[in-house]
Chemist: 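Below is the structure I would like to discuss, written out as C-alpha cells.
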Amino acid sequence: MTEALQAIDVRKVYGTGAGAVTAVDNVSFDIHPGAFVALVGPRGSGKTSMLAMLAGLLSPTSGEIRIAGEDLSKMGERKRTHFRRRAIGFAFQSNNLVPYLNAQENVELMLRLNGNYNRSGRQRAVDLLDRLGLGDRLRNYPGQLSGGQQQRVAIARALIHEPSVVLADEPT
C-alpha cells in the first residue's frame, strides 16, 4: 500500500551560523490512507513548520516529503503548486479567507483554481457548507461570520476538491 503521506529524515533549519535555529530535526513517519494523525507539542516546537513542509509551502533543509508516492522535493515550484492544488487540502490557522468573496465563493475558489468550476462542483460546495452547519450563511462574507464559522468555511475549502491529504493548522 502506498502511504498517503511520508516524511523521510526531514529537517528544517532557519538562518545560518551561530544564529541558526533547527525547527524540525530529522523527522520520519508514514501515514496510510484513511488515517487521522494529530501533531502535538509545545509552542515553538516546529509543528507549523512541519505542516508547511508537508503541504509543499516550505522546502525542508534536507529530507524528503512524499504525498501519494510523489516526492515534493523533486518538483519545481510550478509543478509543486499544481500538485498542491490537486492533492492537498490545507486549513490555515488564520483561515486565509478572501474577504471580498462570500462563504460559498471562498469554497468554490479551489474549484476555480483547479479548473473544476461547474454546476456539480458548485452544488458540492453548497452541500459541504450545509453539512458544516453553514447552509444559511452561503452569501455571508468572512467579516460577517464568527471565528468558528470562518474556520468551517476554511475546512470546507480544504475538502472541496477531494484531496489525497488534508492538513490543518490548529483547526479548532
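Fair warning: this is a prediction, and the values are worked out from it, not measured in the lab.
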Chemist: With sequence neighbours left out, write down each residue that passes salt bridge (Lys or Arg N to Asp or Glu O under 4.0 Å) with Arg80, or none if nothing qualifies.
Modeler: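 Only Glu77 meet the salt bridge (Lys or Arg N to Asp or Glu O under 4.0 Å) criterion with Arg80.
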
Chemist: Keeping to residues at least two apart or across chains, list the salt bridge (charged side-chain N to carboxylate O under 4.0 Å, His left out) pairs with something in residues 85-98.
Modeler: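 For residues 85-98: none.
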
Chemist: Could you pull out the closest heavy-atom pair between Leu101 and Glu105, with the gap in Å?
Modeler: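 Distance-wise, the nearest heavy atoms are CA-OE1, 3.4 Å.
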
Chemist: Measure the spacing between CD1 of Ile67 and CE of Met75 and express it to the nearest 0.5 Å.
Modeler: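 Answer for the CD1-CE pair, Ile67 versus Met75, is 8.0 Å.
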
Chemist: What is the minimum heavy-atom distance between Leu129 and Ala156, and which atoms define it?
Modeler: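 Of all heavy-atom pairs spanning Leu129 and Ala156, the closest is CD2-CB, 3.9 Å.
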
Chemist: Can you list every salt bridge (charged side-chain N to carboxylate O under 4.0 Å, His left out) pair that touches residues 132-147, not counting sequence neighbours?
Modeler: none

Chemist: Is there a side chain to side chain donor-acceptor pair (under 3.5 Å) between Arg78 and Thr81 once you walk through the steps?
Modeler: CA-CA 5 Å; Arg78 185 179 181 103; Thr81 297; over 6 Å; no

Chemist: Roughly how far, to the nearest 0.5 Å, is CZ of Arg131 from CZ of Arg152?
Modeler: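 Those atoms lie 13.5 Å apart.
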
Chemist: Rounded to the nearest 0.5 Å, what separation is found between the CG atom of Leu145 and the CG atom of Leu97?
Modeler: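 These two atoms lie 8.0 Å from each other.
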
Chemist: As an exercise, state the distance from OG1 of Thr48 to CG of Asp169, rounded to the nearest 0.5 Å.
Modeler: 3.5 Å

Chemist: Ser164: what forms a side chain to side chain donor-acceptor pair (under 3.5 Å) with it, not counting sequence neighbours?
Modeler: none

Chemist: Under the rule for side chain to side chain donor-acceptor pair (under 3.5 Å), what residues qualify as partners of Tyr141, not counting sequence neighbours?
Modeler: none

Chemist: Please list, chain by chain and in numerical order, all residues satisfying side-chain contact (heavy atoms from CB on, under 4.5 Å) with Leu159, sequence neighbours excluded.
Modeler: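 Counting only residues at least two positions away or on another chain, Leu159 forms a side-chain contact (heavy atoms from CB on, under 4.5 Å) with Leu128, Ile155, Val166.
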
Chemist: Report yes if the side chains of Lys12 and Pro60 come closer than 4.5 Å at any heavy-atom pair, otherwise no.
Modeler: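 Side chain of Lys12 against side chain of Pro60, heavy atoms only: no contact under 4.5 Å found.
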
Chemist: Any idea which heavy atoms bring His161 and Gly89 closest together, and the distance?
Modeler: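 Nearest pair, atom of His161 first, then Gly89: CE1-CA, 3.9 Å.
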
Chemist: Could you pull out all residues at least two apart from Arg11 that satisfy side-chain contact (heavy atoms from CB on, under 4.5 Å)?
Modeler: Val13, Thr22, Asp25, Asn26, Ser62

Chemist: When rounded to the nearest 0.5 angstrom, what is the spacing between CG in Asn106 and CG in Asn140?
Modeler: 11.5 Å

Chemist: If you group Ile, Leu, Val, Met, Phe, Trp and Tyr by side-chain heavy-atom gaps below 4.5 Å, do Met53 and Val21 land in one group?
Modeler: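 They do not share one cluster, since no chain of ILVMFWY contacts under 4.5 Å joins Met53 to Val21.
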
Chemist: Taking side chain to side chain donor-acceptor pair (under 3.5 Å) as the definition, give me every residue that meets it alongside Thr61, ordered by chain and number, with sequence neighbours left out.
Modeler: none

Chemist: Just so I know, are the side chains of Asn95 and Val153 near enough to count as touching, which here means a heavy-atom distance under 4.5 Å?
Modeler: no

Chemist: Please report the interatomic distance CD(Gln6) to OG(Ser28), rounded to the nearest 0.5 Å.
Modeler: 8.5 Å

Chemist: Indicate every side-chain donor-acceptor pair of residues 36-47 with a distance under 3.5 Å to a residue at least two apart or in another chain.
Modeler:
{"from": "Ser45", "atom 1": "OG", "to": "Pro42", "atom 2": "O", "distance (Å)": "2.7"}
{"from": "Lys47", "atom 1": "NZ", "to": "Gly41", "atom 2": "O", "distance (Å)": "2.9"}
{"from": "Lys47", "atom 1": "NZ", "to": "Pro42", "atom 2": "O", "distance (Å)": "3.0"}

Chemist: Return each pair, listed once, that meets salt bridge (charged side-chain N to carboxylate O under 4.0 Å, His left out) where at least one residue sits in residues 106-116; pairs must be two or more places apart or across chains.
Modeler: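 Pairs touching residues 106-116 that pass the test: none.
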
Chemist: Restricting to non-hydrogen atoms, name the atom on Ala20 and the atom on Gly15 that form the minimum distance, rounded to 0.1 Å.
Modeler: CB-O, 3.8 Å

Chemist: With sequence neighbours left out, what residues match Glu64 under side-chain contact (heavy atoms from CB on, under 4.5 Å)?
Modeler: Ile8, Arg66, Asp71, Ser73

Chemist: So which atom in Ala23 and which in Ser49 form the shortest heavy-atom distance, rounded to 0.1 Å?
Modeler: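 Looking at all heavy atoms of both residues, the shortest contact is CB-OG, 4.1 Å.
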
Chemist: Of all the heavy-atom pairs spanning Arg122 and Leu111, show the shortest one and how long it is.
Modeler: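 Heavy-atom minimum between the residues: N-CD1, 4.2 Å.
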
Chemist: Restricting to side-chain contact (heavy atoms from CB on, under 4.5 Å), what partner residues turn up for Asn96, sequence neighbours left out?
Modeler: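 side-chain contact (heavy atoms from CB on, under 4.5 Å) check on Asn96 returns Phe92, Ser94, Arg157.
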
